[in-house]
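These notes are about the structure you will find just below.
Keep in mind that what you see is a predicted model, and the values were worked out from it rather than measured. All values below come from the heavy atoms of this structure, side chains included, with hydrogens, waters and symmetry mates left out.
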Amino acid sequence: MIRVLLADDQRLVRAGFRSILADEDDIEVVGEAADGQAAVSACHELSPDVVLMDIRMPGMDGLEASRAIAGDERLASVKVVILTTFDLDDYVYGALRAGATGFLVKDTEPEELLQAVRVAARGDALISPSVTRRLIAEFAGRVRGPRPDARLGALTEREREVMQLVAAGLTNDEIAARLVLAPSTAKTHVSRIMSKLGARDRSQVVVLAYESGLVSPGWLAD
């Protein structure tokens, strides 16, 4: 059972998400929060697997709350999915840097919301790959020059190759197909990369890949 916490200051939004999630046999909404501080407290109290977190909330916003959750070792298993709209793009890259697992547009289809919760709970991939690729490419272009990171020196050549594909938003299955590997092998590579980099999840691998200059926007399409 995937335990979900809904964090949004609009009651109707929370009710809408709850109604979609409530019909699923493998998902349980364990609580709601109307601001970031309440969301962090609820994480400690309820131990959700996934938090659907709005960015704009009174008091502590979703960005601060994501950072607080990601920085607390007691909440290491909690995955945060940021809820956003395209007019809030300026927040998205910061959210990934703050430790969010990924993000989802608020007007997403119910099927996409359900898939996002399940994918986030598994930690297998970023949320909404098409949205992820578009926004990461846009904000990666704003990074102020590559900042070499010594941690990349611990990666093998194959792991660096896999990391580039993770940064492009590819899933484990897509990475396996591109590199002609078994999906389980691709997943093992990704796990080792996260371990060597000390990354909480794939989103932090993506951020590091761009900030270190390992990849640049649009490289996969070139």
Short side-chain to backbone donor-acceptor contact, [X] and [Y], under 3.5 Å:
| X | Y | answer |
| --- | --- | --- |
| Ser195 | Ser191 | no |
| Lys196 | Ala154 | yes |
| Thr108 | Leu104 | no |
| Thr185 | Leu181 | no |

Using side-chain heavy atoms (C-beta onward) and a distance below 4.5 Å, is Thr156 in contact with Arg160?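 No; the side chains remain at least 4.5 Å from each other.
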Any heavy-atom pair between the side chains of Gln204 and Val207 that's under 4.5 Å?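 SC-SC contact between Val207 and Gln204 ruled out.
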Nearest heavy atoms of [X] and [Y], plus distance in Å:
| X | Y | value |
| --- | --- | --- |
| Val117 | Val4 | CG1-CG2, 3.7 Å |
| Ala167 | Val206 | CA-CG2, 3.9 Å |
| Leu5 | Ala39 | CD2-O, 3.6 Å |

Identify whether the distance between the nearest side-chain nitrogen and carboxylate oxygen of [X] and [Y] falls below 4.0 Å.
| X | Y | answer |
| --- | --- | --- |
| Arg67 | Glu64 | no |
| Arg14 | Asp9 | no |
| Glu32 | Arg11 | no |
| Arg192 | Glu159 | no |

Using the rule given for side-chain contact (heavy atoms from CB on, under 4.5 Å), can you reason through His189 versus Ile175, listing the C-alpha separation, both sets of side-chain angles and the distance that settles it, and then say yes or no? CA-CA 10 Å; His189 280 311; Ile175 292 171; over 6 Å; no
Whether the Asn172 and Arg202 side chains hold a donor-acceptor pair (N or O, under 3.5 Å, no angle test) is what I'd like checked.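 A donor-acceptor contact under 3.5 Å links the two side chains.
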Can you give me every donor-acceptor pair (side chain of residues 22-30, partner residue at least two apart or in another chain, under 3.5 Å) with its distance?
{"residue": "Glu24", "atom": "OE1", "partner": "Arg118", "partner atom": "NH2", "Å": "2.8"}
{"residue": "Asp26", "atom": "OD1", "partner": "Arg118", "partner atom": "NH2", "Å": "2.9"}
{"residue": "Asp26", "atom": "OD2", "partner": "Arg118", "partner atom": "NE", "Å": "2.8"}

side-chain contact (heavy atoms from CB on, under 4.5 Å) partner of Val166, the single match among Ile193, Thr171, Val205: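 By the side-chain contact (heavy atoms from CB on, under 4.5 Å) criterion, Val166 pairs with just one of Ile193, Thr171, Val205: Val205.
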Verify side-chain contact (heavy atoms from CB on, under 4.5 Å) between Arg122 and Lys79, making sure each step is shown before the conclusion. CA-CA 9 Å; Arg122 291 198 309 265; Lys79 305 297 184 183; over 6 Å; no
Excluding sequence neighbours, so at least two apart, what forms salt bridge (charged side-chain N to carboxylate O under 4.0 Å, His left out) with Asp149?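 Per chain and number, Asp149 pairs via salt bridge (charged side-chain N to carboxylate O under 4.0 Å, His left out) with Arg151.
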Do Ile82 and Leu63 pass the side-chain contact (heavy atoms from CB on, under 4.5 Å) test, and can you show the C-alpha distance, the side-chain angles, and the key distance before you say yes or no? CA-CA 8 Å; Ile82 292 290; Leu63 201 60; 5.7 Å; no
When rounded to the nearest 0.5 angstrom, what distance separates [atom1] in [X] from [atom2] in [Y]?
| X | Y | atom1 | atom2 | value |
| --- | --- | --- | --- | --- |
| Gln10 | Leu83 | CD | CG | 11.0 Å |
| Leu197 | Leu152 | CG | CG | 6.0 Å |
| Asp35 | Met60 | CG | CE | 8.5 Å |

Identify all side-chain donor-acceptor contacts of residues 40-53 below 3.5 Å with residues at least two apart in sequence or on another chain.
{"residue": "Ser41", "atom": "OG", "partner": "Gln37", "partner atom": "O", "Å": "3.1"}
{"residue": "His44", "atom": "NE2", "partner": "Asp72", "partner atom": "OD2", "Å": "3.1"}
{"residue": "Asp49", "atom": "OD2", "partner": "Arg3", "partner atom": "N", "Å": "2.8"}

Going through the checks in order, is the side-chain contact (heavy atoms from CB on, under 4.5 Å) test met by Leu165 and Glu174? CA-CA 9 Å; Leu165 297 176; Glu174 290 169 337; over 6 Å; no
